[in-house]
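Remember, predicted model here, so these are calculated numbers, not experimental data. In what follows, every heavy atom counts, from backbone to side chain, and hydrogens, waters and symmetry copies are set aside. Position 1 is the first residue of the sequence; numbering continues from there.
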Amino acid sequence: MRLLRLVRSPAVILLVLSVLAIIAFELSSTALPAALLGILVGLLGAALGLIAMQLVLQLGMLTGGLLTGATITRVIIGFGPKIRAWTSARRTVVFRAIPLVLAVSVAGGREPVRLRMWGTGLWAALLGVAGAGSCWLLLADEALGRGLAVGATATLLTALVPRRNSKLTSIGWLLVGLPRLGTAEVAELAASVLAGRVTEALNAGDLDAAAAAVAEMNERHGASWATTACQISVWEAQGRYREAVGAAMRISSDETTEHRKLAAALAGLAGLVAAAVEAGQLPAEAALPAGRHALEQAERLGFPDYKLHSTKAAYSLLAGETGEAIALAQLADDFSHGPLARADLFATLAAARMAAGDNRSAREELAKAEEYAAWWPRVVALRARLDIA
């Protein structure tokens with residue numbers, strides 16, 4: 001099923017069409033076997049065009065966010081192993097081993113949210129069109145340049161296809177989907193301004209400010225999805241896992257919720273159940289099967305696997321599978337972003353080291369967790385256990 005979805009994806013379809021276009025260009029201008037060299041050079045150009053256009057579009061999102069006053073929440077430079085990360089309450093910047101790609105996450109930040117996000121997408125699209133047009137006008141006389149133009153154009157067209165799911169929101173969706181949102185979805189966008197304040201306050205460890213922002217959300221937006229999600233985050237930060245699990249179960253059982261949000265709610269529910277069982281707030285025999293089911297449902301709905309490594313590590317730890325828990329937590333280290341996510345991850349890794357009888361390594365991992373959020377309930381509880389040990 002996954003293979004079928006991949007084959008039908010716009011990116012794969014445009015990739016195949018790009019290869020066919022390069023072959024057609026070269027065969028139409030040069031006879032075999034000389035055309036074979038042109039095809040190979042054209043394919044190399046297409047690969048370079050793909051990389052270049054991806055950078056142009058993401059730089060467009062970055063500069064567009066700055067121009068429109070949107071909030072840049074995450075910047076990931078490159079792919080491969082993580083070399084360095086800078087984390088603050090508002091933004092995370094990650095530098096990876098091979099700096100050939102760029103990924104930028106943008107949020108509205110302040111009103112008008114929809115206009116800021118639409119303007120950011122428009123700016124990125126205009127830069128992409130300008131880049132692809134320049135390739136055709138200036139470089140298409142040679143095989144390498146033609147390939148570059150084809151690759152850049154295919155990448156641009158892929159980005160302009162309106163798509164929104166658990167893994168991505170395309171520039172095309174920002175341009176076409178945002179203006180067509182219904183009243184309820186526009187209200188959720190408006191609530192995201194205060195939701196951003198809640199997230200920043202939690203990342204900074206200011207629980208009073210976070211709770212005040214949630215109270216304001218309740219007053220202005222009522223029991224919206226965003227309000228409930230933020231309330232769950234505050235309860236988790238306070239160590240009130242039972243209440244957080246109850247609220248997460250309510251929003252994850254709402255059949256009217258779009259799949260993207262439902263997948264995130266189920267993934268969050270799975271993590272909360274594990275934390276509640278660990279803290280003794282829920283019985284393991286009843287809660288863990290439900291949590292594992294939520295985890296499986298989140299995966300079925302398309303929630304990215306790499307974002308679930310930390311949660312799976314917590315379940316392996318609770319099952320006594322310390323080796324598996326350590327391996328999963330180490331995998332999660334490469335993909336976790338934000339101070340609270342990293343504090344929670346290192347708390348899991350420290351607990352797994354402790355369960356394996358390696359208290360020295362456990363203290364080292366716990367020190368890493370404390371660098372991000374020494375006040376985080378799981379970190380505090382583990383510190384108390386290690387001090388006794």
[atom1]-[atom2] distance between [X] and [Y], expressed to the nearest 0.5 angstrom:
| X | Y | atom1 | atom2 | answer |
| --- | --- | --- | --- | --- |
| Leu340 | Thr199 | CG | OG1 | 9.0 Å |
| Ser192 | Met217 | OG | CE | 8.0 Å |
| Trp136 | Arg146 | CH2 | CZ | 9.0 Å |
| Leu318 | Arg292 | CG | CZ | 8.0 Å |
| Ile326 | Arg353 | CD1 | CZ | 4.5 Å |
| Ser316 | His309 | OG | NE2 | 11.5 Å |

key: Partner residues of Phe335 under the ring-ring contact (aromatic ring centres under 6.0 Å, His included) criterion, sequence neighbours left out   = Tyr306
Nearest heavy-atom neighbours spanning [X] and [Y]:
| X | Y | result |
| --- | --- | --- |
| Leu317 | Ala352 | CD1-CA, 3.6 Å |
| Gly128 | Leu57 | CA-CD2, 3.9 Å |
| Trp225 | Ala265 | CZ2-CB, 4.3 Å |
| Ala329 | Leu349 | CB-CD1, 3.8 Å |
| Leu308 | Ala267 | CD2-CB, 3.8 Å |
| Val379 | Ala374 | CG1-O, 3.9 Å |

Any side-chain heavy atom of [X] within less than 4.5 Å of one from [Y]?
| X | Y | result |
| --- | --- | --- |
| Val198 | Gln231 | no |
| Glu299 | Lys312 | yes |
| Ile232 | Val245 | no |
| Arg164 | Ser170 | no |
| Thr311 | Leu295 | yes |
| Met53 | Thr153 | no |
| Leu288 | Val277 | yes |
| Asp208 | Asp206 | yes |

Are [X] and [Y] in one and the same hydrophobic cluster, where Ile, Leu, Val, Met, Phe, Trp and Tyr link if side-chain heavy atoms are under 4.5 Å apart?
| X | Y | result |
| --- | --- | --- |
| Leu269 | Leu301 | no |
| Ile98 | Leu44 | no |
| Val106 | Leu127 | yes |
| Val193 | Met117 | yes |
| Leu55 | Leu156 | yes |

Between [X] and [Y], is there a donor-acceptor pair closer than 3.5 Å when you use the side chain of the first and the backbone of the second?
| X | Y | value |
| --- | --- | --- |
| Glu236 | Ala244 | no |
| Gln281 | Gly239 | yes |
| Thr73 | Arg91 | no |
| Tyr372 | Phe346 | no |
| Ser252 | Met249 | yes |
| Arg74 | Val93 | no |
| Arg116 | Arg110 | yes |
| Lys307 | Ala332 | no |
| Thr169 | Asn165 | no |
| Gln297 | Leu266 | no |

Between [X] and [Y] (salt bridge meaning N to carboxylate O under 4.0 Å), is one present in this structure?
| X | Y | answer |
| --- | --- | --- |
| Lys368 | Glu365 | yes |
| Arg96 | Asp334 | yes |
| Arg220 | Glu216 | yes |
| Glu243 | Arg240 | yes |

task = Let me see the working for Ile77 and Val94 under side chain to side chain contact (heavy atoms under 4.5 Å, CB included), right down to the final yes or no.
result = CA-CA 6 Å; Ile77 303 166; Val94 179; over 6 Å; no
task = Show your reasoning for whether side-chain hydrogen bond (donor to acceptor under 3.5 Å, both in side chains) applies to Thr158 and Thr155.
result = CA-CA 5 Å; Thr158 300; Thr155 306; over 6 Å; no
inquiry  = Taking CD in Glu142 as the centre, count heavy atoms belonging to other residues, nucleotides or ligands within less than 6.0 Å. Is the count above 12?
reply    =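 Open.
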request  = Apply the test side chain to side chain contact (heavy atoms under 4.5 Å, CB included) to residues Leu194 and His221: give CA-CA distance (whole Å), side-chain angles for both, the deciding distance (0.1 Å), then the verdict.
outcome  = CA-CA 10 Å; Leu194 283 169; His221 303 288; 4.1 Å; yes
query = Does the side chain to side chain contact (heavy atoms under 4.5 Å, CB included) test come out yes or no for Thr257 and Ile251, once each step is laid out?
reply = CA-CA 8 Å; Thr257 304; Ile251 63 172; 5.9 Å; no
request  = Determine, stepwise, if the pair Arg342 / Ser336 fulfils side-chain hydrogen bond (donor to acceptor under 3.5 Å, both in side chains).
outcome  = CA-CA 6 Å; Arg342 294 193 62 72; Ser336 70; 2.7 Å; yes
request  = Decide whether Thr348 and Arg378 meet the rule of one side-chain donor and one side-chain acceptor closer than 3.5 Å.
outcome  = yes
Polar side chain donor-acceptor pair, Trp118 to Thr68, under 3.5 angstrom =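 Looking only at side-chain atoms, Thr68 and Trp118 do not form any donor-acceptor pair under 3.5 Å.
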ask   = Does Trp173 have Arg163 sitting over its ring (NZ/CZ under 6.0 Å from centre, angle to axis within 45°)?
value = no
task = Apply side chain to side chain donor-acceptor pair (under 3.5 Å) to Arg260 and list each qualifying residue two or more places apart in sequence or on a separate chain.
result =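 In terms of side chain to side chain donor-acceptor pair (under 3.5 Å), with neighbours along the sequence ignored, Arg260 is linked to Glu258.
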task = Under the side chain to side chain donor-acceptor pair (under 3.5 Å) rule, collect the residues that match up with Thr63, sequence neighbours excluded.
result =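 Result, side chain to side chain donor-acceptor pair (under 3.5 Å) vs Thr63: Trp123.
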request  = Tell me, with the steps shown, if Asp254 and Arg250 meet salt bridge (charged side-chain N to carboxylate O under 4.0 Å, His left out).
outcome  = CA-CA 7 Å; Asp254 185 354; Arg250 286 194 295 276; over 6 Å; no
